[in-house]
Asker: 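Pasting a structure here, questions to come.
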There are 2 protein chains.
Amino acid sequence: MKFEAVTIKDIAKALGLSTSTVSRALRDSYEISEETKQLVLNYAKEINYRPNPIALSLKEKRSRSIGIIVSEIANSFFSQAINGIESVAHLHGYNVIITQSKESYEREIANIQYLSSRSVDGCIISVSAETKDYTHITELYERNLPIVCFDRVIEALNTFKVTVNSFEGAYNATTHLIKNGFKKIAMLSGSSVLSISKDRLSGYRQALIDNGIEFNENYVAYCQHGGLIYEEVEAALNYLLNLKPKTDAIFAGADKLTTNCMRYCKAHHIDIPKQLALIGFSNLDFTDLLCPPLSVVRQPAFEMGRISAELLIKMIESKRPITDFESKILPAEIYARASTEPINTKKKNEK
Amino acid sequence: MKFEAVTIKDIAKALGLSTSTVSRALRDSYEISEETKQLVLNYAKEINYRPNPIALSLKEKRSRSIGIIVSEIANSFFSQAINGIESVAHLHGYNVIITQSKESYEREIANIQYLSSRSVDGCIISVSAETKDYTHITELYERNLPIVCFDRVIEALNTFKVTVNSFEGAYNATTHLIKNGFKKIAMLSGSSVLSISKDRLSGYRQALIDNGIEFNENYVAYCQHGGLIYEEVEAALNYLLNLKPKTDAIFAGADKLTTNCMRYCKAHHIDIPKQLALIGFSNLDFTDLLCPPLSVVRQPAFEMGRISAELLIKMIESKRPITDFESKILPAEIYARASTEPINTKKKNEK
DNA sequence: CTGAAAGCGCTAACAG
DNA sequence: CTGTTAGCGCTTTCAG
């Protein structure tokens with residue numbers, strides 16, 4: 001089965017013109033008579049002519065499309081970010097090709113190579129949790145493929161980076177827990193190689209220190225797949241919840257970690273926040289409807305996508321190489337809800 | 001900024017061969033000596049040569065990519081379905097271009113035209129809630145663009161269709177409510193033009209009738225944007241909850257309707273299920289964690305995506321036009337949770 | 001066994 | 001103002 005489209009040649013033949021005349025007429029070139037233009041334009045509309053972007057791409061070595069690599073579109077943060085990217089891309093006449101790495105290094109490589117060979121004009125990337133070696137990306141970047149990093153950025157890559165202030169978000173979340181009276185706050189962290197994990201860990205650490213609480217490495221557990229697999233979260237929590245002194249609150253560093261932590265508590269009949277308080281990064285739209293309503297650190301995902309796309313398009317359309325790269329760091333917002341409410345310990349202990 | 005890739009020409013020049021020889025060597029043609037093949041293959045690997053799929057597409061008029069149009073990737077049902085599509089597409093060496101209609105007729109047209117002109121080999125479509133006229137799709141289909149409909153199908157299009165058994169899902173959900181003692185069951189429906197809305201309404205209706213309850217049109221409210229906009233759900237519920245006799249349960253016909261209904265109840269301090277029971281279609285992964293845990297009708301989204309992609313690829317690769325189109329109808333699963341638990345009315349009314 | 005040449009759809013320099 | 005031609009990267013006759 002083959003799908004046959006109308007070409008410039010068909011128009012030229014039908015109208016007894018040359019292909020170049022038709023081409024020029026369609027692009028409203030000044031060197032074509034008004035008469036011919038109208039003739040061509042009308043006929044083109046009539047037979048519903050659409051230029052073949054593939055031929056165009058081949059010729060111009062640009063495709064007016066941009067590639068996206070994220071770990072998982074089913075993740076709210078990423079689908080919101082993609083919406084942001086699409087909104088500005090379409091505004092500038094670009095289309096968007098979305099790919100998922102599923103946190104796999106192999107798939108990330110396959111994706112970026114597909115995208116680059118597919119002649120996307122640039123890429124917006126949030127690297128996979130598995131990726132430690134970035135040569136597949138830096139190589140393309142050095143060969144002049146415009147790339148913007150967002151969310152999980154590559155420190156070593158000298159380009160635009162769009163992130164949330166992970167340190168601050170983690171700092172505020174942890175401080176919030178402390179203010180609400182929680183003492184033994186553990187951190188459930190994503191892959192230790194990710195920049196955001198490190199930043200979030202630092203924020204958590206600093207908040208403890210600033211509040212006169214000792215930072216204890218043992219109260220941090222890592223999930224190398226970012227919580228994508230429930231079992232890794234289960235293992236991490238089995239560990240964290242059996243420490244002495246007893247963990248009374250969890251700060252979770254990523255979307256899936258947060259929700260899977262909740263799932264764990266439900267499965268193990270752990271009362272939130274009475275037995276365990278919980279706050280974590282999440283962009284789910286339903287955290288207020290959860291049981292209990294969940295305190296979260298929310299990232300401006302749409303906005304991050306928007307900015308990333310704007311920067312990428314700026315890079316693509318810039319005449320000369322850009323050397324002055326800013327990093328955009330947006331604030332994360334804390335939503336305090338029931339999952340971190342202070343528990344009135346007096347009832348139990350006093351009087 | 002331009003990204004320059006290695007071409008066959010570069011290899012030919014470097015090795016003192018012709019481009020055709022190189023091309024043949026790379027494709028392991030029988031008419032090339034083992035020697036030359038090795039030479040070319042080694043060099044190609046060394047300089048990391050990748051064929052340009054754009055050039056290939058132009059030549060072969062096929063791109064080994066398939067297009068997807070869904071209303072919204074942030075919708076769990078669709079992101080799960082996309083995962084299913086991707087899994088088989090990659091298996092067959094196809095790539096996937098995802099687009100979103102955002103329930104807009106205009107965007108749907110723009111998307112499918114982009115995809116077809118972009119020479120995707122076929123499309124998998126779930127139409128937007130706004131779409132009443134399908135000529136933009138049927139036209140392309142008649143011009144031999146393979147298309148598979150899923151979820152929201154186009155009845156009139158004679159092609160493969162992959163759906164969930166909406167009638168049965170709705171029937172079972174409604175019956176579940178009746179069995180649990182609810183009397184005045186209202187339905188919160190999506191866009192009235194969608195086939196799935198009609199089927200779900202029929203299922204709801206039939207369940208009432210089969211249980212000796214009169215079907216009353218007034219107890220059905222429609223949300224033309226499928227619940228994407230909270231306000232339309234709010235308006236619908238304001239209406240449904242003020243009917244006499246009083247509505248005591250809601251059956252919601254789509255993902256966003258269900259969750260927005262929950263949000264409404266929370267905002268209006270309506271106790272689920274005591275004041276209002278709720279069950280609805282939803283593919284959210286967190287419905288068990290909601291407050292209260294939500295009874296849902298769940299669609300096998302991944303599976304639907306998988307099957308759609310298999311059928312599409314079968315269509316694309318078939319030598320002769322296919323005429324025998326089956327419709328795959330998969331069962332929906334009911335998960336009964338606290339949001340539809342029977343309420344013990346005896347306490348109030350009797351003795 | 002290998003090379004020259006044409007062509008996929010389009011644009012753009014170069015001629016008229 | 002319009003036509004001819006070459007070329008983007010690749011495959012594929014058709015000639016050697």
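Chain identifiers are assigned alphabetically (A, B, ...) following the order of the sequence lines, protein sequences preceding nucleic acid strands; residue numbering begins at 1 within each chain.
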Asker: Tell me whether the OP1 or OP2 atom of dA4(C) has a side-chain N or O from Ser18(B) closer than 4.0 Å.
Answerer: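 Answer is no, no contact under 4.0 Å.
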
Asker: Starting from P on dC8(C), measure out to CD1 on Ile8(B) and report it in whole angstrom.
Answerer: 19 Å

Asker: Taking Glu108(A) as the fixed residue, which of Gln100(A), Gln113(A), His136(A), Lys102(A) is the one that meets the side-chain hydrogen bond (donor to acceptor under 3.5 Å, both in side chains) rule?
Answerer: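 Looking at Gln100(A), Gln113(A), His136(A), Lys102(A), the match for Glu108(A) under the side-chain hydrogen bond (donor to acceptor under 3.5 Å, both in side chains) is His136(A).
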
Asker: Round to a whole Å and report the spacing from CD1 of Ile32(B) to P of dT11(D).
Answerer: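 These atoms are roughly 12 Å apart.
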
Asker: Does a side-chain N or O of Lys61(A) approach OP1 or OP2 of dG9(D) to a distance below 4.0 Å, or not?
Answerer: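 Indeed, a polar side-chain atom of Lys61(A) lies that close.
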
Asker: For Ser79(B) and Ser76(B), does a side-chain donor sit closer than 3.5 Å to a side-chain acceptor?
Answerer: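 Not at all, the side chains of Ser79(B) and Ser76(B) share no donor-acceptor pair under 3.5 Å.
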
Asker: For the base of dT2(C), is there a side-chain donor-acceptor partner from Thr36(B) under 3.5 Å away?
Answerer: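 No pair found.
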
Asker: Would you say Tyr49(A) reaches dG9(C)'s phosphate, i.e. side-chain N/O to OP1/OP2 under 4.0 Å?
Answerer: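 Result: no.
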
Asker: Is a side-chain donor-acceptor pair under 3.5 Å present for Asp151(B) with Ser126(B)?
Answerer: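 Present: a donor and an acceptor within the cut-off.
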
Asker: Indicate whether the side chain of Asn48(B) and that of Arg50(B) have a donor and an acceptor atom separated by less than 3.5 Å.
Answerer: yes

Asker: Rounded to whole angstrom units, what separation is found between the CZ atom of Arg64(B) and the C1' atom of dT11(D)?
Answerer: 16 Å

Asker: Do the side chain of Arg24(A) and the base of dG3(D) come within less than 3.5 angstrom through a donor-acceptor pair of N or O atoms?
Answerer: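 Such a pair is found, so the answer is yes.
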
Asker: Less than 4.0 angstrom between a side-chain N/O of Tyr30(A) and OP1 or OP2 of dT2(D), yes or no?
Answerer: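 Result: no.
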
Asker: Look at Ser20(B) and dT2(C) and indicate whether a side-chain polar atom (N or O) is within less than 4.0 Å of OP1 or OP2.
Answerer: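 Checking Ser20(B) against dT2(C): no side-chain N or O falls below 4.0 Å of OP1 or OP2.
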
Asker: So, OP1 or OP2 of dG9(C): does either fall under 4.0 Å of a side-chain N or O from Lys59(B)?
Answerer: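 False: Lys59(B) side-chain N/O out of range (4.0 Å or more) of dG9(C) OP1/OP2.
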
Asker: Using atom CG of Leu58(B) as one end and atom P of dA6(C) as the other, report the distance to the nearest whole Å.
Answerer: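 The distance from CG of Leu58(B) to P of dA6(C) comes to 18 Å, rounded to the nearest Å.
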
